[in-house]
J.: 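Sharing a structure with you now.
Counting from 1, the numbers follow the sequence of the chain as shown.
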Amino acid sequence: MAINTNFEKELRGFERDRGIKRETMLSTIVDALQAAARKSPFCSGDVKVTIDPVTLAFKAEETLIVADTPQATGAAGSAYISLEEARKINPNVSLGEKIQRPIDPRAFGRISAQMAKQALVQGIHASERDIMQSKYADKVGRIVTVTVRQIYHKDSFCDLDSGGEAILKSRDRMKSDRFTNGDTIRAVIRHVGMEQDPRRVEDDGAGSLSRGSHSHAVRMVDESAGNPCVKLSRTDKLFLKALLFEQCSEIKDGTVEIISIARQPGIRSKVAVRSNDPKVDPIGACVGVRGSRIRPVISELNGEKIDIVPWSDDFETYVRKALLPAMVLSVDIDYHAHQITVFIDKNSLTPLIGKLGMNTRLASELLSDSTHTTWTISARELATADAEETEHAVSAAKFQRDFAAKVKELSDRLNLDSETVTTVIRHGYLSPEGIMEATLTDFVAEMGRELPDAKSEEVTSLREETARAVWAAAEAAMLAGSGTAQ
């Protein structure tokens, strides 16, 4: 029997261009035709479609129930045939039996044919999605080389070297990128799945906001466009991380670790790195001899400036390094409010802020990403002569925060008001254990004295009954702690 050469050519094209195997394509076509047949008014709901794997010949048969009249009732979804018509197909058939009758798929009707086409397209997309997932799902974060096939509305549709289609959206391109059809480009795989198109919808209180043409709040969301593809990016932090991974052998073997990245694509980036070997300098490992390692990365990013920041366990030191090239005189960190105040001289304000506030913003993003806490950075400009005074002010502010924390801790343990606890602490008793080290008589006497503090101000005293109450509270706290330990 002759082979359907046109169909054979189409199957080979799908297998070559889209990676869909012949068997998978034939199964998808059969499922689509059978789904269409079940919806067709011109045949029964019980239709079996087969395709010869060698000749590619179509065969469709419908199952009918032999009845005395075509309108007989019976099994749901089945059609009926009269005994007279049935015996034209099989002379030995009897009433109530089932009989198969060949049908032409073209008899399904126009609507059913349209449904078959839709089911076929969905099946092809599902096969492509599965192929993409199996081939590229574990390659997210890796750099690939692609060829630009078409540019449409600033979106670049690309061909992957290993087969399949990738898309580089306009928002994933740097402003300095200039591509034309046929160009070979490098990008990182950001996501694998169905193609997403941004839609502008009215804001519901979640997501980032922008302003629409009618001055109402809108947000950008992704809606499936139904096209399976690999999504690329040249603006994502993953791209910079992958480029450094390529150039730095110490990052590959884990000696140097990238802690966090803050990036303004095409303009400037900050990368926090840490060395797991005290003998290895993380900055030198990333930069290389005379910039031999960092230079190819900068070239790939069209001249984007990259600051390598050494990570430090001392958060204040880490803040100073993140704000370079600005010279910071001192740093005040409010851990409760997540606020960082830096004091600088009058000549360091410009490098601290950077162009369009970029240096401070990137430093804040770097610190926030490293600690998983949102930090806000503010600056105070001072003359160099005020540096010593500034250090004192910062130390005083830190002392006040630590003192307030100590008052709250002891107040909670003794279940006393903060004013009484403040007096006890300023007399030198910082814990229930410290109070119990003195005798009751000595403690009461000590609390009755008025002492000058560091600022020559009088420290208030406690009355005898109040002091005895503090002693009793400390004793109760100690006993409660002992009982808990037991």
Side-chain angles (χ1 to χ4, degrees), residues 203 205-211 217 219-220 235-238 240-241 257-274 304-384 386-409:
D203 179 65
S208 57
L209 297 181
S210 57
R211 288 291 168 182
R219 63 187 176 92
M220 303 302 289
T235 60
D236 199 282
K237 298 176 185 178
L238 288 174
L240 175 54
K241 184 176 183 178
E257 180 182 357
I258 298 177
I259 302 299
S260 62
I261 296 176
R263 187 179 179 206
Q264 181 66 38
I267 302 176
R268 190 173 184 179
S269 296
K270 288 181 180 288
V271 183
V273 294
R274 172 177 61 192
E304 182 176 317
K305 295 180 180 179
I306 302 174
D307 298 337
I308 307 296
V309 179
W311 185 85
S312 175
D313 289 321
D314 182 11
F315 191 62
E316 181 177 334
T317 302
Y318 187 28
V319 171
R320 291 176 181 269
K321 297 295 184 182
L323 288 170
L324 287 174
M327 298 303 296
V328 178
L329 299 176
S330 58
V331 179
D332 180 27
I333 304 173
D334 188 341
Y335 290 95
H336 178 70
H338 302 151
Q339 173 71 39
I340 300 173
T341 304
V342 294
F343 298 88
I344 57 174
D345 60 41
K346 60 181 180 180
N347 297 322
S348 297
L349 184 60
T350 299
L352 174 74
I353 298 176
K355 186 177 181 180
L356 301 177
M358 191 173 302
N359 187 58
T360 305
R361 178 162 48 82
L362 290 177
S364 176
E365 182 181 343
L366 191 74
L367 297 171
S368 300
D369 191 41
S370 301
T371 59
H372 305 290
T373 302
T374 303
W375 289 97
T376 303
I377 299 177
S378 60
R380 288 185 58 185
E381 183 181 347
L382 297 171
T384 306
D386 296 333
E388 184 176 346
E389 180 182 345
T390 303
E391 288 283 358
H392 177 74
V394 171
S395 300
K398 185 176 184 301
F399 173 80
Q400 290 295 334
R401 286 198 300 270
D402 294 344
F403 185 84
K406 194 65 182 176
V407 169
K408 185 178 186 307
E409 177 188 355

J.: Can you tell if the side chain of I353 reaches within under 4.5 Å of the side chain of N359, non-hydrogen atoms only?
T.: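 A side-chain contact under 4.5 Å is absent here.
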
J.: Can you tell me if Q339 and S378 form a side-chain donor-acceptor pair at under 3.5 Å?
T.: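 Yes, S378 and Q339 have a side-chain donor paired with an acceptor closer than 3.5 Å.
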
J.: Please determine if E304 and R263 form a salt bridge, counting it only when a charged side-chain N lies under 4.0 Å from a carboxylate O.
T.: yes

J.: Could you tell me which residues satisfy side chain to side chain donor-acceptor pair (under 3.5 Å) with S370, sequence neighbours excluded, listed by chain and number?
T.: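 Result, side chain to side chain donor-acceptor pair (under 3.5 Å) vs S370: S260, Y318.
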
J.: For the pair W375 and Y335, name the ring-plane relationship: parallel under 30°, tilted 30 to 60°, perpendicular over 60°.
T.: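 W375 and Y335: perpendicular rings.
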
J.: Side chain to side chain contact (heavy atoms under 4.5 Å, CB included) for D307 and L324? Distances and angles first, verdict last.
T.: CA-CA 9 Å; D307 298 337; L324 287 174; over 6 Å; no

J.: Taking D345 for the side chain and L329 for the main chain, is one N or O donor matched with an acceptor at less than 3.5 Å?
T.: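 It does not hold such a pair.
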
J.: Should I344 and R380 count as side-chain neighbours, where that means a heavy-atom distance under 4.5 Å?
T.: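 A side-chain contact under 4.5 Å is absent here.
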
J.: Using modelled atom types only, decide if a donor and an acceptor are shared between the side chain of S269 and the backbone of L240 within a distance under 3.5 Å.
T.: no

J.: For a 4.5 angstrom cut-off between non-hydrogen side-chain atoms, does I333 reach V331?
T.: yes

J.: Do E365 and K237 have side chains that approach each other closer than 4.5 Å (heavy atoms only, starting at C-beta)?
T.: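 In contact.
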
J.: Does the side chain of D334 come within less than 4.5 Å of I340's, by heavy atoms?
T.: no

J.: Under the side chain to side chain donor-acceptor pair (under 3.5 Å) rule, collect the residues that match up with D313, sequence neighbours excluded.
T.: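 With neighbours one apart ignored, the set is empty.
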
J.: Heavy atoms, side chains only, cut-off 4.5 Å: are M358 and I267 in contact?
T.: yes

J.: Less than 4.5 Å apart, any side-chain heavy atom of R361 and any of I377?
T.: no

J.: Looking at CG of D314 and CZ of R320, how far apart are the two atoms once the value is rounded to the nearest 0.5 Å?
T.: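 Here the interatomic distance stands at 9.0 Å.
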
J.: Does any part of the side chain of I261, heavy atoms only, come nearer than 4.5 Å to the side chain of I258, both counted from C-beta?
T.: yes

J.: Keeping T373 on the side-chain end and S368 on the backbone end, is there a donor-acceptor pair under 3.5 Å?
T.: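 The answer is no, because no donor-acceptor pair under 3.5 Å joins these two groups.
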
